[in-house]
Amino acid sequence: MNNTRLNISLGTLPLKNPLICGSGEHLIEEAGILKALEFGAAAVVAKSTNESELARRQLDRTDYSIVGQDLKQQDWRKDKGLNTSLFGRSGLMDTDSKEWLSTIARLDGKARKYHSYVVASLIPASMSFLIEHAEIAQKLGIRVLEINIGAPHGIEASRDIRLTFDPKKANETIREVRKVFHGHLWAKTTGMSESISQLAFASKEAGADAVVMMGRMMALIPNLDSMMPVLGTKGAYGGRWALPITCRWLSESRHLLGSKYPLIGTNGARDGYDIARMMLAGATAVEQTSAIFTGGFEVIKENIKQLEGYLKEKEMNALDLIGITSDQVQSYAEQELRPGYWRQFVSDDALNKK
Ligand SMILES: Cc1cc2nc3c(=O)[nH]c(=O)nc-3n(C[C@H](O)[C@H](O)[C@H](O)COP(=O)(O)O)c2cc1C
């Protein structure tokens, strides 16, 4: 059922609500993509692909762990609270990329029935593959293409998953794709940079219709008992703790790129209220992955319901949320001068006795 309160527009792309199911392992098989559509996601980003045999084989070396606030591994089946983090190493689609794009095109056709989209996702390895496959996506009639220029695993597998930190390089990459793909083009940036807004700006200038921000962080978690690294390696790390950092970048980017340009938030949004938080910071829509990967597809329905409840309570439409908080951010210099105020925050021992 269409609920106009939730409708938003990502530039010229209408979305029935702001929840996008972000790319991950639960979207490797058709069943998962269809479930995400059924449960009401406005768009579903299929698992990413590229030509690299190593990145493909990496799918057989993946592992995932839920980590609590005490930094201990928790039971995958039981502990999926809002305050846990997801740590892991991922790989890319293990089927042939052309075949995968054909499947996505077919599923994108099915998505029309749900007033939704199935988005293809390419992670650059070589430029020639990227362009060839963007062209294929165009020929197949895929309506939305996401280019992830910031996959965190690129740090560990640099030749096979190209991670772009340089805005000039981001511009070149997106510009080349733009020449051959005429549907909606989204660029997804890294979260491990002080140039996230510049990467977004460069992608906008190159012709991206929206920018998705931001990728997860690479991390290492020592296990105190074994003294070994959790999962034996470094891995990508994300949790709700990342939401305020994503919100900061959404806000910075809104100011740099302009309030009309659509940003998509990702990294840290766990429930429907978190979708609202990212929208208040400047996102038009939000990609949720970990919450759905670990919690199942019902999470989509629950989160949309929560967002709708919040909007009803505030007597607002989703569209009206975008950027409200961001537009009221003041500089440090604008804050009230309060000499000695800091004294209230330190223990008595830290203060010179009078
Ligand atoms: C297990 C796992 C696999 C992922 N695979 C992909 C992928 O293939 N392509 C991609 O662009 N992002 C991938 N991501 C990143 C997510 O789409 C998302 O941007 C990120 O996890 C932050 O959002 P979240 O806090 O909602 O999880 C993956 C994330 C996880 C946890």
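Numbering of ligands and ligand atoms starts at 1, following listing order. Just so we're clear, the structure is a prediction, and the values are computed from it rather than from any experiment. Just the heavy atoms: all of them, side chains too, but no hydrogens, waters or symmetry mates, feed the values below.
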Nearest protein heavy atom to atom 21 (O) of ligand 1, by residue and atom, and its distance? R216 CD, 3.3 Å

Short N/O distance, under 3.5 Å, between Y64 and ligand 1? no

Looking only at protein heavy atoms, identify the closest one to atom 11 (O) of ligand 1 and say how far it is in Å. N148 ND2, 2.8 Å

What do you reckon, are the aromatic ring centroids of W186 and Y117 less than 6.0 Å apart? no

for atom 2 (C) of ligand 1, nearest protein heavy atom and its distance come out as E25 OE1, 3.8 Å

Atom 12 (N) of ligand 1 has as its nearest protein heavy atom K188 NZ, 3.1 Å

Ligand-side contact atoms (ligand 1) for residue partner L86, heavy atom cut-off under 4.0 Å: 31 (C)

Side chains of T103 and E30: any donor to acceptor distance under 3.5 Å? no

Atom 8 (O) of ligand 1: nearest protein contact (heavy atom, Å): K47 NZ, 2.8 Å

Indicate yes or no: does an N/O atom of L92 lie under 3.5 Å from an N/O atom of ligand 1? no

Between D209 and K204, does any NZ, NE, NH1 or NH2 come within less than 4.0 Å of an OD or OE carboxylate oxygen? no

Below 4.0 angstrom, N of the basic side chain to O of the carboxylate: do K47 and D94 qualify? no

What is the closest protein heavy atom to atom 28 (C) of ligand 1, and at what distance does it sit? S23 O, 3.4 Å

Answer yes or no: is there an ion pair linking E172 with R175, defined by an N-O contact shorter than 4.0 Å? no

Whether E53 and R56 form a salt bridge (side-chain N of Lys/Arg under 4.0 Å from carboxylate O of Asp/Glu) is what I want to check. yes

